[in-house]
**Q** 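What follows is a single structure, and I will ask about it in a moment.
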Amino acid sequence: MPNRQRRRLLLPAVTLTALGLTTTQALAASEPPKPRPHQAEHQARVGQKHAEKVQGTGTASPAFSAKADTPGGDGDGGADEAENSAEGVAQYTEARTAPGVVAPGAYGAAWSQLQSMPHTDGTWKHVTKKPYNSDDPRYRDVNSNSSGGAGNVTGRITGIAADDDGYVYAGGANGGVFRSSTGGGAWEPIADNLPSLSTGTLNLDGGGRLWYATGESNTGATSYVGTGVYVLADPKHGRFQPGNRVGGAELESTIVHALRFGGGTVWAATSRGVWSHSTTDLSGPWTLEFAPNPDYLPGGSKAKDPSAPYKNIANDIAIDSKDPSKVILAVGWRGGDTYNGFYSKAADGSWQRVASLGELPTDAANVGNVTFARSADGSRYYAIDQSPDVMAHNPDTGLKGIYVSKSGSPSGPWTLIADKDKIKNSGSALQGPGYQPGIQSWYNQFLQVDPANPDHLYAGLEEVLETRNGGSTWTVPGPYWNFPFPCWSIDPTKQTGDCSPTTHPDQHAVAIGSYKGKTSVYVGNDGGIYSRPVNGAVDSGGHAKDWKSLADGTIDTLQYYSVGVGKDPADRTGKGVVVSGGLQDNGESVLRAHDKVMGSDFGGDGADTLVDPDNGCNIAEEYVYLDVWVTQNCAVNDGSWSTDPSKATSYEVAPPDKDTGSARFIAPITSDPKDVGTWIAGGRHVWVQHKGYAIRSGSEWTSAYDLGAGHVATAVATVNGTVYAGWCGPCNNQGFSRGIAVGRTDGTGWHQLDLPVDGTLPNRYISSFAVDEKDARHVFVAFNGFSRTWTEGPGAGVGHLFETRDGGATWTDVSANLPDVPATSVKLLPDGGLALGTDLAAFYRAPGETTFSVLGEELPTTSVQQLKTGPDGKLYAATFGRGIWAVNLRALNEDDANRGDDDQD
């Protein structure tokens with residue numbers, strides 16, 4: 001989630017000692033601080049800025065004001081979470097919803113239309129179906145996370161189920177369900193026929209059926225809604241089909257936080273309240289059990305209120321194992337609301353707020369995101385509680401605590417067994433101000449009790465935590481990363497075998513299962529899925545020595561924002577290419593010709609990407625908020641820069657808007673296809689530089705145009721010196737506005753287009769431009785969000801794709817037969833055809849035609865974030881959940897049998 005700038009941490013030994021760490025957990029006091037990658041160093045500054053804002057000593061940025069984490073705020077949490085991704089994910093949602101609230105059924109209707117559309121010729125090939133080693137020793141330059149210990153990674157895993165026959169099921173955030181029959185690995189997708197691949201949770205019931213709740217199970221705004229709950233009767237051999245849906249459309253367009261089972265009933269905690277259904281008769285509708293604010297539900301009198309999506313959030317359900325009629329609901333918005341709390345059913349059948357549960361808080365201010373777990377024997381219940389009040393006022397955490405009910409009843413009494421400080425002093429890697437255990441507990445939570453031992457508990461926050469004695473003592477078997485520990489070294493020869501592998505940060509899912517008599521715990525996080533023996537080994541600091549990444553390349557749930565392709569200068573055939581892409585929380589991947597393993601040359605959240613088509617090792621990567629970095633050797637480095645800074649081969653070249661906060665979380669950058677040395681970047685200003693990949697300083701950018709106070713660029717494009725810049729501001733529901741500025745790279749001729757007020761161009765987020773290289777007055781513009789049919793807000797307008805042939809004086813809606821779904825990337829192709837990426841598919845309009853077809857075969861139903869052409873004659877699609885794919889453009893209008901397949905190895 002979300003999309004935190006990959007946490008950076010630099011703490012000298014004296015600081016760690018002052019924080020009370022043991023000698024084995026801290027740097028030795030006699031050792032000088034070891035140079036760390038920029039990623040690690042920057043986290044201290046990020047955390048300090050966060051702490052200052054919460055404590056009231058910081059200042060708000062011009063573009064995004066510091067406001068409480070409440071619905072409708074301009075930054076939706078700018079003060080408390082500006083640097084731990086709430087701002088970034090709020091912007092992701094704004095692009096799809098502003099200026100209104102999306103009505104239920106929007107994605108389902110678009111998917112239904114998609115099924116009846118014709119496909120072009122051509123078959124998409126899966127480019128990133130290879131292991132992705134975040135610790136690849138080839139790429140240890142100054143801005144890489146390599147050597148942190150996460151190893152092979154894939155995209156965010158938000159659901160896991162496992163049995164005792166070696167079958168493991170992993171659900172990607174927007175990638176669907178993958179199955180392994182070997183205890184993890186050799187994965188195959190089994191949900192690609194469903195209209196939604198967004199995973200809420202996965203559960204195996206007592207009869208061995210696999211329940212798949214769609215709609216990602218957190219309130220991060222890169223979470224896609226789902227189309228309900230599906231059941232697979234034979235998960236070891238079958239595949240999910242649309243007909244496997246439980247009930248009707250009641251849970252469509254929701255997110256499902258949890259499914260819980262008891263007494264022949266399945267309970268669902270969703271973004272629209274708590275629902276129940278029979279586990280035997282799957283055909284009837286779901287029953288709404290409880291919604292604290294029913295007026296805000298679809299069809300209610302306040303359904304169009306901008307805060308409606310936040311008014312009925314249910315997080316989990318606890319069912320008494322001895323009496324399934326006794327149920328407690330955990331309900332509440334992470335940022336706080338008057339309805340937050342625990343609820344149980346009264347004698348009259350109504351749901352009433354629970355007044356007391358012992359040490360587990362019940363007041364609205366201290367009940368936020370909650371996760372429950374019950375022991376197999378029913379003797380224990382555990383809970384994690386994130387507190388809106390703590391999050392608003394504590395600069396270091398949002399965690400209230402981890403609790404146990406030793407009676408086994410969800411009614412308690414509950415006892416506190418861990419808080420932020422206890423975890424921090426148990427081997428955590430998170431020690432710096434502004435970023436300590438539980439800082440993202442509104443986003444990162446899981447709990448799992450060992451079936452064989454009710455006092456053995458795994459908990460997930462930013463890190464993986466473990467107690468073997470019911471919470472008396474804790475260890476951190478999966479620390480955030482290895483950088484703070486004395487075993488760490490950037491030198492591969494010193495790193496290997498010293499620091500044990502850890503997991504990727506940001507934990508979301510957990511399960512316990514067995515394979516060939518060996519029982520393992522499986523954890524899912526922003527970097528994929530990992531396993532270790534359930535009674536595994538730890539070192540002297542309590543860090544596990546036996547984690548195994550299960551991201552073997554057959555599971556690809558990577559969430560790409562961008563893609564770039566260029567010729568590989570080391571490939572002797574002249575045909576090989578370098579494929580790079582910016583990822584949610586997994587840096588920038590780089591795949592060179594004939595590589596068997598991808599590497600990570602930049603860390604953090606990789607945003608937009610530029611790659612020189614003539615030399616794929618010339619790469620510019622935006623590390624969120626327009627923090628642009630550049631390399632001219634693919635960022636190849638063995639870490640020698642840490643002792644000799646002159647050996648660094650990556651350079652920070654951010655335009656000045658990066659330092660003023662005047663840029664989107666994912667800000668646009670591009671180059672002129674007629675002059676790859678001319679770059680355009682968009683924040684509040686439209687920035688231009690002419691040194692290409694030889695740029696070495698942010699001071700080399702020139703402001704060509706000021707979009708205006710409160711305005712930030714959402715899309716930029718340029719051809720032959722003419723620039724188009726789309727902007728928004730405010731960018732959320734309240735007061736949403738957008739515009740298009742046009743001018744020259746030399747700073748002349750700039751003006752705001754007088755956009756028509758008759759609704760010809762919708763009042764929605766501008767996501768992409770395609771400028772005709774032969775005539776810069778001929779432009780296509782793509783709009784995100786849904787049309788007026790689904791967007792309950794003023795002036796949303798219809799259509800997703802528009803064309804001008806006179807530089808923006810007049811526009812024509814050319815959406816034709818496109819499904820009504822957010823459009824993300826438009827691309828004019830060399831043959832004169834038009835390609836469009838959307839949240840469900842890629843589309844193609846042939847030259848001279850007016851209607852669209854689905855572009856090619858085999859591309860999974862997931863969000864296409866960006867389309868780019870490569871020097872190899874292929875079109876590349878960066879998807880947000882299923883990696884990077886490519887299709888040969890020559891094949892779009894000819895039979896596959898008649899085309900050559902020149903895919904790189």
**Q** Mind checking side-chain contact (heavy atoms from CB on, under 4.5 Å) for Pro285 and listing every partner two or more places apart, or none if nothing turns up?
**A** Glu250

**Q** Between the side chain of Thr371 and the main-chain N/O of Ile384, is any donor-acceptor distance below 3.5 Å?
**A** no

**Q** Does atom NZ (Lys322) have a neighbourhood of more than 12 heavy atoms from anything else shown, all under 6.0 Å?
**A** yes

**Q** Arg96 side chain to Pro822 main-chain N or O, any donor-acceptor pair under 3.5 Å?
**A** no

**Q** So how far is it from Ser253 OG to Leu251 CG, rounded to the nearest 0.5 Å?
**A** 10.5 Å

**Q** Any side-chain to backbone donor/acceptor pair from Asp165 onto Tyr167? Under 3.5 Å, distance only.
**A** no

**Q** For the CD1 atom of Ile328 and the OG atom of Ser411, what is their distance to the nearest 0.5 Å?
**A** 4.0 Å

**Q** Is there a donor-acceptor contact under 3.5 Å from the side chain of Trp187 to the main chain of Leu550?
**A** yes

**Q** Asp552 side chain to Ala186 main-chain N or O, any donor-acceptor pair under 3.5 Å?
**A** yes

**Q** Would you say Asn293's side chain and Asn312's backbone share a donor-acceptor pair under 3.5 angstrom?
**A** no

**Q** Looking only at side chains, do Thr280 and Ser278 share a donor and an acceptor under 3.5 Å apart?
**A** yes

**Q** Would you check if there is a donor-acceptor pair between the side chains of Thr254 and Ser271 at a distance under 3.5 Å?
**A** no

**Q** Do you know the tightest heavy-atom contact between Tyr212 and Ser196?
**A** OH-O, 4.2 Å

**Q** Compare every heavy atom of Ala303 with every heavy atom of Ala308, then report the nearest pair and how far apart it is.
**A** CB-O, 3.6 Å

**Q** Provide the closest heavy-atom pair for Gly513 versus Ala162 in the form atom of the first, atom of the second, distance.
**A** CA-CB, 3.9 Å

**Q** If you measure from CG on Asn203 to CZ on Arg209, what distance do you get to the nearest 0.5 Å?
**A** 12.0 Å

**Q** Looking at Ala365, is its backbone amide N or carbonyl O close enough to the side chain of Asp389 to form a donor-acceptor pair, meaning the two atoms are under 3.5 Å apart?
**A** no

**Q** Check Arg239, Arg882, Arg179 against Asp192 for a salt bridge (charged side-chain N to carboxylate O under 4.0 Å, His left out) and give me the one that passes.
**A** Arg882

**Q** So, Phe446 versus Tyr458, ring centres under 6.0 angstrom or not?
**A** no

**Q** If you compare all heavy atoms of Ala376 against all heavy atoms of Pro451, which two are closest, and at what distance to 0.1 Å?
**A** CB-O, 3.7 Å

**Q** Are any side-chain N or O atoms of Ser180 and backbone N or O atoms of Thr182, one a donor and one an acceptor, separated by less than 3.5 Å?
**A** yes

**Q** Any side chain to side chain donor-acceptor pair (under 3.5 Å) involving residues 339-350? Give me the pairs, sequence neighbours left out, ordered by first then second residue.
**A** Tyr343-Arg353, Asp348-Ser350, Ser350-Gln352

**Q** So, the side chain of Trp414 versus the backbone of Tyr381: is there a donor-acceptor pair under 3.5 Å, distance only?
**A** no

**Q** So, taking the atom named CG in Leu259 and the one named CH2 in Trp211, what distance separates them when rounded to the nearest 0.5 Å?
**A** 7.5 Å

**Q** Report yes or no: do Asp839 and Tyr107 form a side-chain donor-acceptor pair below 3.5 Å?
**A** yes

**Q** Just checking, is any N or O donor in the side chain of Asp526 or Gln584 under 3.5 Å from an acceptor N or O on the other one?
**A** yes

**Q** Any side-chain donor-acceptor pair under 3.5 Å between Ser307 and Asp305?
**A** yes

**Q** With under 30° as parallel and over 60° as perpendicular, where do the rings of Trp267 and Trp351 fit, or are they tilted in between?
**A** perpendicular

**Q** So Thr557 and Thr154, side chain to side chain donor-acceptor pair (under 3.5 Å) or not? Walk me through it.
**A** CA-CA 6 Å; Thr557 57; Thr154 187; 3.3 Å; yes

**Q** Quick check: do Gln113 and Asp820 have side-chain heavy atoms less than 4.5 Å from each other?
**A** no

**Q** Write down the atom of Val231, the atom of Phe240, and the distance for their closest heavy-atom approach.
**A** C-CE2, 3.9 Å

**Q** Quiz question: by atom type and distance under 3.5 Å, do the side chains of Asn444 and Gln507 form a donor-acceptor pair?
**A** no

**Q** Run through Thr467, Leu416, Leu465 and flag the one making a side chain to side chain contact (heavy atoms under 4.5 Å, CB included) with Ile402.
**A** Leu465

**Q** Just verifying a value: how many Å separate Leu202 CG and Thr158 OG1, rounded to the nearest 0.5 Å?
**A** 8.0 Å

**Q** Is the shortest heavy-atom distance from the side chain of Leu357 to the side chain of Tyr403 under 4.5 Å?
**A** no

**Q** With side chain to side chain donor-acceptor pair (under 3.5 Å) as the criterion, how do Asp377 and Ser379 come out once you've worked through the C-alpha distance, each side chain's angles and the decisive distance to 0.1 Å?
**A** CA-CA 6 Å; Asp377 65 1; Ser379 67; 2.8 Å; yes

**Q** List the steps, then state whether salt bridge (charged side-chain N to carboxylate O under 4.0 Å, His left out) holds for Arg156 with Asp585.
**A** CA-CA 9 Å; Arg156 190 161 72 235; Asp585 215 12; over 6 Å; no

**Q** Got a second to check how far Glu463's CD is from Thr503's OG1, nearest 0.5 Å?
**A** 8.5 Å

**Q** For the pair Thr362 (side chain) and Ala355 (backbone), establish whether a donor and an acceptor sit closer than 3.5 Å, ignoring hydrogens and angles.
**A** yes

**Q** Which heavy atom of Ala459 sits nearest to which heavy atom of Trp474, and what is that distance?
**A** CB-CZ3, 4.2 Å

**Q** Can a side-chain donor-acceptor contact be found between Arg334 and Asn315 if the only test is distance below 3.5 angstrom?
**A** no

**Q** Under 3.5 Å, is there a donor-acceptor pair linking the side chains of Thr519 and Ser514?
**A** yes

